[in-house]
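Working notes, beginning with the structure itself.
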Amino acid sequence: MNIHVLPREVFNKIAAGEVVDRPYSVVKELVENAIDAGASEISVEIESGGKGLIRVTDNGGGIEKEDLPYAFLPHATSKLESAEDLFGVKTLGFRGEAIASIAAVSKMKIVSRAGDKEAFSLSSNGGNMGEVLPAAGARGTEVTVEELFFNTPARLKFLRSDQQEEGDVANMMARFMLSRPEISFTFTANGKLKYRSYGDGLSSAIANVYGAGILRELYEIDADKHGIKLRGFIGNQNFSKPNRTYQSLFVNGRYVVNQTVSAALTNAYASYLMKRQYPFYVLFLDVPPEIVDVNVTPNKSDVRFADNQIIYGSVYSVVSAVLDGNSRALEYLAKTPDPTPVQETIPLGDVPSQHKVLPPMSYDEAKKELAFDIPTVSSKVSLPRRDLTDARLNFEVNSSYASPAETKEKEDYFEENKKILLEEEKKQKQQKVDVKSLRFKGELFRTYLFYECGDDAYIVDQHAAHERLIYDRLRQKLADRTASSQPMLVPFVLTLNGPEFAFMCKQLPVLEELGFEVGEFGGNSIKVSAVPSDLMGMDLAAFFAEIVSSMESLRAIKLADLLKDKLASAACKAAVKGGEFLTDEEAAALIARMDGDMGLKCPHGRPVAVHLKRSEMEKLFKRIV
Ligand code: ADP
Ligand code: MG
């Protein structure tokens with residue numbers, strides 16, 4: 001067999017596999033082209049999940065008649081001149097591969113009108129180009145892709161159901177709406193309008209994707225640190241999501257899943273969120289183009305930073321300052337809120353007409369709030385949340401889609417991050433005190449325990465400490481599947497109504513895993529005959545009342561997540577109440593069980609211990625100044 005160069009059609013088909021593998025990746029490439037063309041309005045239509053038809057229309061700069069055939073050629077691009085340009089890519093596309101690849105595996109037609117010139121069209125059937133013909137068309141470009149993968153049966157077989165493919169396209173579109181809040185997008189599937197954004201700002205785009213109610217739970221940040229700009233919205237300390245799909249990061253306008261940034265955010269939220277709860281964010285990280293490499297993978301969903309430490313450090317310090325409410329938070333909170341009311345630019349039958357979005361929190365409000373409450377030891381400042389007019393901006397159907405962002409998780413952080421994480425851990429360890437060197441000095445208000453250790457004093461909130469210890473132990477046992485039960489002398493019977501009973505019955509296996517012994521007990525009753533040994537004496541009525549009362553919101557959450565939440569509150573209730581008297585031995589035992597860790601926080605994020613230096617005491621008494 002002789003070696004020969006593959007015919008172009010074959011080569012393009014092979015290359016197509018790298019760029020486009022599903023309808024959503026076609027939509028991604030076409031919308032990115034429209035954005036690069038400077039469009040302010042982009043509409044996307046699909047049929048049969050994109051398998052039948054994908055049409056992307058924009059009002060951007062268009063393609064000149066003589067350029068039209070070049071758009072279909074591989075490695076033909078108007079966005080890059082030389083290899084040097086690769087170090088400062090400002091457009092989303094630069095490889096010149098997308099159109100050629102998509103054309104190779106579909107029936108494609110481009111109609112384009114550059115500025116005030118005539119419109120022209122060019123079609124291709126599986127990569128075989130036709131003639132450039134005069135056409136009718138508005139300013140901008142319309143790309144139609146039909147019968148995707150008609151000539152690559154193997155790839156066609158790997159597509160999922162129409163509904164699943166449509167869902168992925170919808171997620172993609174939501175991400176575009178968030179990443180380009182200045183562009184107005186419409187997304188239609190099988191003739192039905194699914195998403196619309198109005199090009200009037202980020203808070204409006206977030207409201208259009210997630211519903212306006214979410215803005216109440218968010219802080220708007222706008223920070224500049226070491227020339228690295230971080231802006232957008234982050235969830236407050238109590239607002240968590242059961243997975244990572246509510247996280248959107250845009251680096252220089254490009255959607256990215258990046259471990260460095262993700263680790264920084266995870267760590268900033270670490271003391272507020274429990275395990276397997278994830279923060280919400282829509283963040284824009286803008287860095288000088290020369291310190292970021294976007295040329296990592298063909299589908300470009302990761303970037304490489306020249307210096308991960310700086311990126312990590314900047315993101316971590318900004319987000320943790322805002323969450324901890326320390327004085328720097330003011331610097332990082334957005335100074336000009338993004339209050340533009342959502343405007344209905346084009347009348348639509350099924351969109352509610354009165355939708356106004358208020359800013360989640362203004363700078364002045366935050367400042368006022370913080371001015372009265374400069375936290376010294378308490379790490380939390382609650383910022384005011386404004387009530388919003390009940391603006392349900394998202395169309396009903398939105399909720400049936402998962403939220404944007406990748407669920408993909410990598411096992412390992414970058415090497416650099418590991419270093420940073422280790423340092424963090426070391427810092428935590430420094431807060432550790434040798435239990436043997438601690439001397440119990442008494443208690444105050446039957447809540448606070450005092451310990452002395454050389455020139456240091458520690459005040460421990462016995463309630464918070466106990467709560468944390470029980471919580472850790474329960475979680476551990478749950479993980480090891482070693483939760484043990486303690487039978488009750490008198491069983492506890494819980495009588496419920498129909499829906500409550502049905503709901504609780506579904507939870508029984510998980511409760512059992514926890515160490516409860518529970519079962520149906522005739523009618524709509526449930527009998528509890530044993531409780532987890534760690535929770536002996538807990539207030540069962542309050543525990544179950546809480547689960548039942550949050551039934552509605554819990555139904556949507558996966559069970560495992562519900563549990564963690566409930567575990568924490570159950571631990572709280574069962575823990576030593578402030579006001580109970582501890583013997584010296586019990587106090588000593590408590591600190592021993594804490595293993596001297598003074599950096600602990602209770603499951604709700606409150607600190608367990610406060611450190612007081614001798615010098616601080618001496619300052620109080622003006623022994624030193
Ligand atoms: P790339 O985006 O990497 O340059 P593509 O294959 O996606 O490569 O597109 C090839 C070229 O076609 C682009 O460089 C651009 O000049 C032109 N083009 C594609 N889509 C559009 C559009 N919607 N509006 C204007 N020009 C476009
Ligand atoms: Mg492109």
Side-chain angles (χ1 to χ4, degrees), residues 8-9 11-21 23-45 54-83 85-106 108-124 127 129 132 135 137-145 148 172-173 176 179-180 183-186 252-255 294-301:
R8 206 192 74 208
E9 296 79 27
F11 171 80
N12 281 354
K13 261 198 203 176
I14 295 170
E18 272 186 51
V19 183
V20 290
D21 58 348
Y24 88 85
S25 44
V26 172
V27 172
K28 173 176 183 280
E29 292 297 334
L30 298 182
V31 172
E32 287 188 350
N33 281 347
I35 293 172
D36 284 346
S40 62
E41 279 168 35
I42 298 172
S43 89
V44 175
E45 282 169 71
I54 295 171
R55 179 176 291 130
V56 178
T57 312
D58 69 62
N59 65 350
I63 307 172
E64 302 279 348
K65 180 190 176 191
E66 48 283 2
D67 284 340
L68 212 39
Y70 285 100
F72 285 79
L73 296 181
H75 311 298
T77 177
S78 56
K79 299 167 192 172
L80 214 61
E81 296 278 328
S82 63
D85 289 354
L86 257 185
F87 296 101
V89 176
K90 289 194 187 75
T91 50
L92 294 166
F94 55 85
R95 292 162 192 272
E97 275 171 351
I99 299 283
S101 300
I102 300 165
V105 293
S106 71
M108 184 194 245
K109 182 178 181 184
I110 300 185
V111 180
S112 193
R113 189 173 129 192
D116 296 331
K117 300 183 180 158
E118 303 286 304
F120 288 92
S121 79
L122 181 54
S123 300
S124 130
M129 265 191 277
V132 176
R139 182 179 185 275
T141 306
E142 177 189 275
V143 182
T144 308
V145 175
L148 184 64
M172 190 80 233
M173 289 309 298
F176 275 124
S179 78
R180 300 291 163 143
I183 296 177
S184 134
F185 287 97
T186 51
N252 292 358
R254 198 182 286 278
Y255 174 77
V294 297
N295 193 19
V296 183
T297 49
N299 59 19
K300 295 165 281 185
S301 63

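Ligands are counted one by one from 1 in listed order, and the atoms in each one are counted from 1 as well.
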- Minimal heavy-atom distance between Ser121 and Leu68, with the atoms involved, is C-CD2, 4.0 Å

- Any donor-acceptor pair under 3.5 Å from Arg113 side chain to Gly137 backbone: yes

- Message: Is it the case that the side chain of Asp58 and the backbone of Ile35 share a donor-acceptor pair, with hydrogens and angles ignored and the cut-off at 3.5 Å?
- Response: no

- Query: Considering only heavy atoms from C-beta outward, does the side chain of Asn33 approach that of Ile99 to under 4.5 Å?
  - Reply: yes

- Quick one: are Lys65 and Glu118 in side-chain contact, heavy atoms under 4.5 Å? no

- Query: Which bit of Thr141 is near ligand 1, meaning a heavy atom under 4.0 Å away: side chain, backbone, both or neither?
  - Reply: side chain

- Query: Is any N or O atom of Ala98, backbone or side chain, closer than 3.5 Å to an N or O atom of ligand 1?
  - Reply: yes

- Note on the structure: Rounded to the nearest 0.5 Å, the OG atom of Ser40 sits from the CZ atom of Arg180 at a distance of 13.0 Å

- Task: Decide whether an N or O pair under 3.5 Å exists between Asp36 and ligand 1.
- Result: no

- Task: Report yes if Asn33 has an N/O atom closer than 3.5 Å to an N/O atom of ligand 1; otherwise report no.
- Result: yes

- Hey, is Leu30 touching ligand 1 through its side chain, its backbone, both or neither, going by heavy atoms under 4.0 Å? neither

- Would you mind listing which atoms of ligand 1 come within a distance below 4.0 Å of any non-hydrogen atom of Ala37? 24 (N), 25 (C)

- Could you tell me which atoms of ligand 1, counted from 1 in the order shown, lie closer than 4.0 angstrom to a heavy atom of Gly62? 25 (C)

- Interfacing atoms of ligand 1 (cut-off 4.0 Å, heavy-atom, Glu97): 6 (O), 8 (O)

